[in-house]
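Everything below concerns the one structure shown next.
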Amino acid sequence: MELSGFAFSATDWSTVPEECKPGETGEVRSRVKQFGAVRVRRVDYSVGYSADHWCSKGHVLFVLEGELVTTLDDGRVVVTPAGRSYQVADEREAHRSSAPNGASLLIVD
C-alpha cells in the first residue's frame with residue numbers, strides 16, 4: 001500500500017454521507033473516504049448481518065465494537081473481537097463476513 005498524493009487531514013466520520021446496503025441477511029452501513037489510491041471506510045454491520053458475496057480484495061481491518069466472524073474459502077472461520085484486527089493481501093484467501101451480534105469496523109484498502 002502506497003500512501004501518497006494527499007495532505008494531512010482529520011476525518012469527522014459523522015459528517016461523511018452514509019450508504020446502506022442489504023446483505024444476504026441484515027444490512028451494512030458504510031461511510032467512505034478516498035485518499036489517493038487508498039480507501040478508508042467506517043462500517044457498521046447490523047445484528048444478524050451476513051455478506052452476500054465472497055471478497056478477494058486486500059484489507060487492513062480493525063474491529064471497533066462487537067465481533068466479526070470471517071469465513072475463508074479454505075473453510076477456516078476466524079473470529080475477530082473488538083480491539084483486534086486482521087489483514088489480508090489482494091487476491092489471497094477469499095473471505096466472507098458476518099456479524100451475528102453486530103459489529104463496527106474501520107477498514108483500509
Side-chain angles (χ1 to χ4, degrees):
M1 175 183 320
E2 184 173 323
L3 301 174
S4 63
F6 56 93
F8 176 89
S9 64
T11 302
D12 176 354
W13 289 100
S14 69
T15 66
V16 177
E18 185 176 77
E19 180 180 339
C20 186
K21 292 184 179 178
E24 185 173 277
T25 59
E27 66 181 20
V28 58
R29 291 178 286 123
S30 302
R31 297 172 188 267
V32 181
K33 293 281 289 186
Q34 192 75 36
F35 302 97
V38 177
R39 177 176 65 165
V40 181
R41 296 179 283 158
R42 172 70 164 79
V43 174
D44 294 295
Y45 292 136
S46 69
V47 171
Y49 174 78
S50 181
D52 61 357
H53 65 283
W54 287 89
C55 179
S56 59
K57 174 80 176 131
H59 313 286
V60 175
L61 179 149
F62 182 79
V63 179
L64 300 165
E65 296 177 18
E67 184 174 83
L68 183 68
V69 178
T70 306
T71 302
L72 304 177
D73 62 353
D74 64 7
R76 287 181 290 160
V77 176
V78 178
V79 177
T80 309
R84 295 204 179 173
S85 63
Y86 80 68
Q87 45 287 324
V88 61
D90 289 334
E91 305 304 325
R92 291 297 307 231
E93 296 87 351
H95 46 283
R96 185 174 173 175
S97 297
S98 64
N101 299 306
S104 297
L105 319 170
L106 185 71
I107 305 171
V108 179
D109 50 28

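Scope of the values below: all heavy atoms of this structure, side chains included, with no hydrogens, waters or symmetry mates.
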Checklist line | Single hit among E18, E19, E24 for salt bridge (Lys or Arg N to Asp or Glu O under 4.0 Å) with K21 | finding: E19
Item checked: Within one Ile-Leu-Val-Met-Phe-Trp-Tyr cluster: L106 and V38, side-chain cutoff 4.5 Å -> yes
Next item on the list: Identify the heavy atoms of D73 and W54 that sit nearest to each other, and give their distance.
Entry: N-CZ3, 3.7 Å
Checklist line | Any side-chain heavy-atom pair of E93 and V88 under 4.5 Å | finding: yes
Margin query: For a 4.5 angstrom cut-off between non-hydrogen side-chain atoms, does V108 reach F62?
Written below: no
Notebook entry, point to check: Would V16 and R42 satisfy side chain to side chain contact (heavy atoms under 4.5 Å, CB included), going step by step from the backbone distance to the final call?
Noted result: CA-CA 9 Å; V16 177; R42 172 70 164 79; over 6 Å; no
Margin query: Can you classify the ring geometry of H95 versus H59 as parallel (below 30°), tilted (30 to 60°) or perpendicular (above 60°)?
Written below: perpendicular
Next item on the list: Any chance you could measure D44, atom CG, to L105, atom CG, to the nearest 0.5 Å?
Entry: 7.5 Å
Notebook entry, point to check: Would T70 and Y86 count as a side chain to side chain contact (heavy atoms under 4.5 Å, CB included) if you check the C-alpha gap in whole Å, the side-chain angles of each, and the deciding distance to 0.1 Å?
Noted result: CA-CA 10 Å; T70 306; Y86 80 68; 3.6 Å; yes
Next item on the list: Answer yes or no: is there a side-chain heavy-atom contact under 4.5 Å between T71 and S98?
Entry: no
Item checked: Reported CG-to-CD1 distance for the pair L68 and I107, which is rounded to 0.5 angstrom -> 8.0 Å
Check: When you look at Y49 and V43, which way does the side chain to side chain contact (heavy atoms under 4.5 Å, CB included) test go after all the steps?
Finding: CA-CA 12 Å; Y49 174 78; V43 174; over 6 Å; no
Margin query: Quick check for you: to the nearest 0.5 Å, what is the distance between Y45 atom OH and S30 atom OG?
Written below: 7.0 Å
Next item on the list: Mind checking the SG-CZ spacing from C20 to R29? Nearest 0.5 Å is all I need.
Entry: 7.0 Å
Item checked: Reported SG-to-CG distance for the pair C55 and D90, which is rounded to 0.5 angstrom -> 9.0 Å
Notebook entry, point to check: Are the side chain of S104 and the backbone N or O of L64 linked by a donor-acceptor pair below 3.5 Å?
Noted result: no
Notebook entry, point to check: Taking NZ, NE, NH1 and NH2 as the nitrogens, is one of them in R41 or D109 under 4.0 Å from a carboxylate oxygen of the other?
Noted result: yes
Next item on the list: Taking all heavy atoms of P100 and all of V69, pick out the closest pair and write down the distance.
Entry: CD-CG2, 3.9 Å
Item checked: Atom pair CG/CZ of D12 and R31 - distance to nearest 0.5 Å -> 9.0 Å
Notebook entry, point to check: Does the side chain of F35 come within less than 4.5 Å of V40's, by heavy atoms?
Noted result: yes
